[in-house]
Trainee: 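Here it is, the structure in full.
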Amino acid sequence: MFITLVLYTDGMKVIIKVQRVNSATNYESTLLVNDDVAYFHEHSSQLRSQCQGFDRAIITQANTPVGSTIVYAGEKKTFKVTPEIFSTFIKGSEMINFQVNNTLLHPVIVECRLTKTDMELEVLRYTNKISSEAHKMIMKHVKPGMKEYEMESLFQHYCYTKGGMRHTSYTCICGTGNNSSILHYGHAGAPNEKTIVDGDMCLFDMGGEYYCYSSDITCSFPANGRFTSDQRNVYEAVLKSSRAVMAAIKPGVKWTEMHRLADRVHLEELLRLGLLSGSVDAMMEVHLGSVFMPHGLGHLLGIDVHDVGGYPEGTERVNEPGLKSLRMGRLVQERMVLTVEPGIYFINHLLDQALSNPKQSCFINGAVLQRFRGFGGVRIEDDIAVTADGIELLTCVPRTVEDIEAFMADSEKTFSPVVSSQKV
Ligand SMILES: [Mn+2]
């Protein structure tokens, strides 16, 4: 394995890429994409010093000769390609056998990947657009009697034929019935092989990848296109928390607080359903939310589906049930791209654990809970980009119960993305 540092100008922009190449497969994965010239100026000496140590470094300069002025990304920033900027880089052959300083390089790369440039956002909008369309196509096609893996295959086919996306961002999760409560279902040991049954909830978590950039979308809906009243209630509880979180996200908010907000809405709704009783504050004290949502609310998204940067040095994980699974612990910043993916699941061993814990079982109505054994789970996962004062919703699929039922019934009724908790 070696790392390549590429600096090139592509007509209008300067891109710095650090690539890791697996010499066995020649598969390249990009670790850093940055087209911010100001960033480059600021860090050029640091980056240069870190080149010392790459097993191999290839520096290329295309199109634009040294000394020319580049207009950056159509904005009024100009960047003079000075000889000294290239002086070290341009002589690639001299850079063989340097030592990598990962201690210095790692945090630089992580910060580059944390917030997205305009061009990166464009690619992420694209991955979401195509993947949303593929999810909608699946919703039109799914029928009891089909296999879960048919849905995986159809999704991949759509992404590749319509979007040129050769890979998905992760192995497709196509859980139906009780399988929808298995968080990472679809792996080699359980390869989406169940037959879909009338009455099943489907939980399809799939995202296409384009030029290394990911998408990560989950749609939950009934296989037969009509929600039962229990399915509707659980679904709408999750949709309510999703939209409450989206309405609250803006630069400066704590991601851990967003997770707690989702937990609180879930508990309030399960209380309303009669599945729980008592004080929601007291339930929060004993982390009852994590019984129903044992994963984190969401994560950074970018070149990797669970992208880097969630815990920089000095940011500690909150060691509480649920919260400890969060892949990001830092404050929300403009230009971050995140998933918002609350869920409510009925996972037998977690339910049994809670029932045997007097601090939690006192809130649970066992008889009502019994009805939900085998229900599976609901997750609603959208991708968002953080703006100066809120969010841009990148995912566009039917989300309300009414939209889903109308859409699956083959109605041409249009739906509009719901971004406010008020509309749910
Ligand atoms: Mn996700």
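Note that ligands are numbered from 1 as they come in the structure, with each ligand's atoms numbered from 1 the same way. One is the number of the first residue; the rest follow in order along the sequence.
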Trainee: Identify the two heavy atoms, one from G175 and one from Y185, that lie closest to each other, and give their separation to 0.1 Å.
Mentor: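 Answer, listing the atom of G175 first, then Y185: CA-CD2, 3.6 Å.
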Trainee: Any pair with a residue in residues 216-225 that passes side chain to side chain donor-acceptor pair (under 3.5 Å), sequence neighbours left out, goes on the list, sorted by first then second residue, please.
Mentor: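 Those involving residues 216-225 are Y170-D216, D198-N224, D205-T218, D216-H299, T218-R379, T218-E381.
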Trainee: Could you check whether H295 and Y345, counting side-chain N and O atoms only, form a donor-acceptor pair closer than 3.5 Å?
Mentor: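 Yes, side-chain donor-acceptor contact under 3.5 Å.
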Trainee: Salt bridge or not between K136 and E133? Use side-chain N to carboxylate O under 4.0 Å.
Mentor: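 Judged by the 4.0 Å cut-off on N to carboxylate O distance, K136 and E133 do not form a salt bridge.
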Trainee: For residues 149-156, please give each side-chain donor-acceptor pair under 3.5 Å, one per line with the distance, not counting sequence neighbours.
Mentor:
residue: E150; atom: OE2; partner: K147; partner atom: N; Å: 2.8
residue: E152; atom: OE1; partner: N192; partner atom: ND2; Å: 2.9

Trainee: Which residues pass the side chain to side chain contact (heavy atoms under 4.5 Å, CB included) test with V368, not counting sequence neighbours?
Mentor: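 For V368 the side chain to side chain contact (heavy atoms under 4.5 Å, CB included) partners, ignoring immediate neighbours, are L275, N365, R371, F372.
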Trainee: Can you list the protein N, O or S atoms less than 2.8 Å from the Mn ion (ligand 1)?
Mentor: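 Near the Mn ion (ligand 1), below 2.8 Å, one finds D216 OD2, H299 NE2, E341 OE2, E381 OE2.
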